[in-house]
Each structure stands twice: as C-alpha cells, then as structure tokens.
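See below for the structure under consideration.
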Amino acid sequence: MYLLAALVLIASILLYFRIADRYNIIDKPNERSSHTRITIRGGGVVFAVAVLLAFFLGIATWELTLAVLMVASVSFVDDMRPLSQLPRFSVHLVASLLVLYEAGVMELALWWIPLALFVFLGWVNIFNFMDGINGITALYSLAVLGGFYFLPELADFRGLIELVALSVLVFGFFNIRRKAKTFAGDVGSISMALVLGYLMVHLLVATGEIFYLLLFSLYGLDGVLTILHRLIKRENIFQPHRSHLYQYLANEMGWGHLPVAFGYFAAQALLNLTVIQLATDGEITLLFPFFMIIIVLIVGYILAKYLILKKIKLV
C-alpha cells in the first residue's frame with residue numbers, strides 16, 4: 001500500500017511541476033526573500049494529496065480531508081494570484097472549526113471554543129511564517145510527526161501520520177537542497193499546519209496535558225516572540241519581513257539554509273524525545289518541568305537574537 005502511495009505522491013508532484021511551469025507559479029527573489037533564484041512555488045500540494053489518499057484508504061476523516069482541501073485550494077489560488085485577507089481568513093476559520101469539531105472541542109466547556117480557535121489559527125499562521133528557507137518545513141514537520149507517532153494516545157492516527165510523513169519525504173527530495181527545485185508555498189505550509197494542529201488538538205483533548213505543546217515549541221517560540229518584537233518596534237505584523245531567528249541565522253549570520261533547517265529539526269526532535277520520556281515515566285502531569293523548559297527556551301532565544309542583532313549592529 002505504501003509503495004503504491006509513494007508512486008501516487010511522486011506522480012502528483014511531478015505533474016504539479018508541469019502545471020507550475022505552464023502557469024508560471026514561481027517565487028521570484030525580492031528584498032524580503034531568503035533565496036536568490038527563481039523557484040517553483042507550491043510543491044507542498046503533495047501534503048494535501050496525502051490526506052486525500054488517507055481519506056480513500058479510510059484512515060482520515062471527512063472533516064479533516066475537507067478542511068485540508070479547503071485551505072489547500074484557497075492557498076493554491078493565493079500562490080498563483082495574491083488574494084485579500086478576507087477570503088483566506090474566512091476559509092481558514094471554517095476549516096479550523098471543522099477540525100475542532102471533529103476533535104471534540106465543541107463538547108468541552110463553552111469558553112474553550114474561542115480560545116482553541118484563536119490558538120489554532122495562530123498556529124496555522126505561525127507555521128506559514130516559518131516557511132522561509134530550504135528544508136525547514138519538511139524537516140521540522142518530520143520532527144513533529146515523529147514525536148506524534150510514538151505517543152500511544154495517537155496510536156489510532158499512525159496510518160495518517162505515516163502517509164503524511166511519506167509525502168514530506170517526497171517533497172523533501174526536491175526541497176532539502178542547497179538550491180531547491182520547489183518551495184512548499186502557502187498550499188503546502190498551511191495544509192501541513194492544519195494536519196499537525198489537528199493531531200495536536202486530538203492529543204490535548206485526549207490527555208488534557210498542556211505539556212504536549214512542547215512538541216510545537218521551537219516554531220511557537222520563534223513565531224510568538226518575533227511577533228511581540230515587531231509589535232514593540234511598532235511594525236505591521238501582517239507585512240512580509242525577515243526578522244525570525246532562523247532568518248537571521250541563515251541570512252545575516254551566513255550559516256546557510258540547510259544547517260539552520262537541520263538545527264531546528266535536531267532541537268525539536270531532542271525536545272520531543274524529552275517529552276516522550278517524561279510521558280513514559282509518568283511525569284508529564286508535572287507543571288514544573290514544563291515551565292522550566294519554556295523559560296530556558298525563551299531565555300536562550302532572546303539571548304541568541306540579542307547577540308545576533310548586536311553583531312549586525314541593529315541594537
């Protein structure tokens with residue numbers, strides 16, 4: 001089954017390359033970009049294909065499949081011709097509500113619904129913001145999916161995780177390169193964010209343990225603290241920028257895309273192993289290690305960013 005799925009995923013991304021060439025769906029470098037050559041945008045459409053395959057194989061629900069196809073469709077259009085905020089936000093809102101409904105959030109106390117919706121939409125947008133250098137989306141997704149795979153609470157979702165991970169490997173073959181052949185595009189990053197968010201919501205609803213949010217910690221940290229930093233500087237947070245830590249490391253510090261992407265992968269994978277070990281030892285319910293890890297990450301992030309900004313004379 002997985003050999004056949006791999007062939008379908010490979011065929012779909014190769015077909016997409018032909019479509020992208022014909023309709024000029026490309027990324028042109030600009031002053032905000034971290035790349036320097038014209039590259040096909042939207043190769044992450046293969047993530048949505050994986051979810052569709054999972055649905056036909058009976059291992060993905062119709063709610064998740066519909067939600068992913070909705071965001072993939074509007075994001076694909078946006079990749080070809082930029083849309084205004086309203087149609088994109090409306091689709092993201094409906095898709096998020098579908099996911100939260102399927103995961104059972106609507107059955108919790110009423111005040112959980114707006115909070116869960118706000119956090120879920122925030123995660124989707126942060127994941128999209130973090131898709132800025134070669135390899136980072138593919139490698140980070142594999143780190144998170146790997147963490148999910150080994151948690152017994154998500155045993156029923158292992159078929160879905162395997163198929164999505166397979167699509168990431170197919171995409172990664174063309175993206176985890178010094179000169180990438182394709183980028184995920186909004187169609188890929190938002191589809192992946194929705195799938196990962198879906199799995200996280202199921203995990204949180206099943207366990208009630210916020211400790212598992214550490215499985216998203218690096219992206220969450222870089223995304224939230226960058227937004228706060230930009231708000232302090234009175235910048236428009238909805239405008240494109242290059243002020244994430246990973247962007248400073250890859251661009252201003254000259255570390256390169258792949259070393260930074262592998263660094264984020266390794267750090268998140270190590271954190272995920274820590275979470276799995278704590279869960280195995282029965283210490284996942286303790287708030288002390290959770291907040292200690294968060295504090296260490298925040299202090300480390302702020303210090304690293306300050307030293308970088310000081311070195312490039314921006315502070």
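Values reported hereafter were calculated over all heavy atoms of this structure, with side chains retained and with hydrogens, waters and symmetry mates removed. Heads up: numbering here begins at 1 and tracks the sequence.
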Would you say Ile302 ends up clustered with Ile295 if hydrophobic residues are merged whenever their side chains have heavy atoms under 4.5 Å apart, either directly or through other cluster members?
no
Heavy-atom pair of closest approach, residues Thr61 and Thr65:
O-OG1, 2.8 Å
Can Arg177 be said to sit on top of Phe173's aromatic six-ring, NZ or CZ under 6.0 Å from centre and within 45° of the ring axis?
yes
With the side chain counted from C-beta on, respond yes when Ile176 and Phe262 share a heavy-atom pair under 4.5 Å apart, and no when they do not.
yes
Starting at CE of Met1, measure out to CG of Leu3 and round the result to the nearest 0.5 Å.
11.0 Å
So, for Val168 and Ser141, which heavy atoms are closest and what is the spacing to 0.1 Å?
CG2-CB, 4.3 Å
A quick test of your reading: do over 12 heavy atoms of other residues, nucleotides or ligands sit less than 6.0 Å from OH of Tyr23?
no
Shortest non-hydrogen contact from Leu53 to Ala5?
CD1-O, 4.2 Å
Under a 4.5 Å side-chain heavy-atom rule over Ile, Leu, Val, Met, Phe, Trp and Tyr, are Leu15 and Met80 clustered together?
yes
Give a yes or no on whether the backbone of Arg178 and the side-chain of Asn134 come within a donor-acceptor separation of less than 3.5 Å.
yes
Per side chain to side chain contact (heavy atoms under 4.5 Å, CB included), Asp78 is matched among Ile190, Asp186, Val187, Val91 by Asp186
Determine yes or no for a side-chain-to-main-chain donor-acceptor pair under 3.5 angstrom, with Asn24 supplying the side chain and Ala20 the backbone.
no
Assess whether a salt bridge exists between Glu252 and Lys311, defined as any Lys/Arg side-chain N lying under 4.0 Å from an Asp/Glu carboxylate O.
no
Rounded to the nearest 0.5 Å, how far apart are OH of Tyr301 and CG of Leu225?
5.5 Å
When every non-hydrogen atom of Val51 is compared with those of Val164, the smallest separation belongs to CG2-CG2, 4.4 Å
Could you check whether any side-chain N or O of Asn272 sits under 3.5 Å from a backbone N or O of Ala143, counting only pairs where one atom can act as donor and the other as acceptor?
yes
Distance (rounded to the nearest 0.5 Å) between Leu214 CG and Thr274 OG1:
9.0 Å
Donor-acceptor check, side chain of Arg230 to backbone of Asn236, threshold 3.5 angstrom: yes or no?
yes
Any heavy-atom pair between the side chains of Leu14 and Phe174 that's under 4.5 Å?
yes
Is it the case that the side chain of Lys305 and the backbone of Ser243 share a donor-acceptor pair, with hydrogens and angles ignored and the cut-off at 3.5 Å?
yes
For Phe17, is the NZ or CZ atom of Lys181 found under 6.0 angstrom from the centre of its six-membered ring and inside 45 degrees of the ring axis?
yes
Going only through I, L, V, M, F, W and Y residues with side-chain contacts under 4.5 Å, is there a path from Leu7 to Val170?
no
Is there a side-chain contact between Tyr16 and Ile40 (heavy atoms, below 4.5 Å)?
yes
I need the Gln85 CD to His92 NE2 distance, nearest 0.5 Å.
9.5 Å
Do Ile232 and Tyr306 belong together in a cluster built from hydrophobic side chains that touch within less than 4.5 Å?
no
With side chain to side chain contact (heavy atoms under 4.5 Å, CB included) as the criterion, how do Phe127 and Asp131 come out once you've worked through the C-alpha distance, each side chain's angles and the decisive distance to 0.1 Å?
CA-CA 7 Å; Phe127 195 94; Asp131 179 35; 5.8 Å; no
Output field: ring centroids Trp123/Phe216 closer than 6.0 Å:
yes
Does the ring pair (Phe, Tyr, Trp, His ring centres under 6.0 Å) test come out yes or no for Phe171 and Phe47, once each step is laid out?
CA-CA 8 Å; Phe171 168 75; Phe47 306 153; 5.3 Å; yes
Given the rule in the side-chain hydrogen bond (donor to acceptor under 3.5 Å, both in side chains) test, do Glu63 and Tyr198 qualify, once you have shown the distances and angles that lead to the verdict?
CA-CA 10 Å; Glu63 293 95 339; Tyr198 166 83; over 6 Å; no
Keeping Arg41 on the side-chain end and Phe183 on the backbone end, is there a donor-acceptor pair under 3.5 Å?
no
Quick one: pull up CG in Leu215 and CG in Leu196 and give me the separation to the nearest 0.5 Å.
10.0 Å
Connected via hydrophobic side-chain network under 4.5 Å: Phe56 and Ile161:
yes
Does any non-hydrogen side-chain atom of Val71 lie less than 4.5 Å from one of Ser191?
yes
Evaluate the criterion side-chain hydrogen bond (donor to acceptor under 3.5 Å, both in side chains) for residue pair Asn175 and Thr182; output intermediate values, then yes/no.
CA-CA 6 Å; Asn175 175 257; Thr182 186; over 6 Å; no
Establish, yes or no, whether a centroid distance under 6.0 Å links the rings of Phe211 and Phe290.
yes
Measure the shortest side-chain to side-chain distance between Val105 and Leu204 over non-hydrogen atoms and say whether it is less than 4.5 angstrom.
no
Leu145 vs Glu162 side-chain heavy atoms within contact, under 4.5 Å
no
Ile113 versus Leu108: any side-chain heavy-atom pair under 4.5 Å?
no
Would you find more than 12 non-hydrogen atoms of other residues, nucleotides or ligands less than 6.0 Å from Met292 atom CE?
no
If every non-hydrogen atom of Leu117 is compared with every non-hydrogen atom of Ser96, which pair is closest and at what distance?
CD1-CB, 3.7 Å
Determine whether Tyr140 and Gln268 satisfy the following criterion, side-chain hydrogen bond (donor to acceptor under 3.5 Å, both in side chains), listing intermediate values before the conclusion.
CA-CA 7 Å; Tyr140 192 83; Gln268 188 62 67; 2.6 Å; yes
Rounded to the nearest 0.5 angstrom, the CG-CD distance for Leu97 and Glu102 is 13.5 Å
Locate the shortest heavy-atom distance separating Ile133 from Ala261; write the atom from each residue and the value.
CD1-N, 4.2 Å
Full working for side-chain hydrogen bond (donor to acceptor under 3.5 Å, both in side chains) between Asp222 and Tyr246
CA-CA 8 Å; Asp222 201 340; Tyr246 79 88; over 6 Å; no
Below 6.0 angstrom between ring centroids: does that apply to His244 and Tyr248?
no
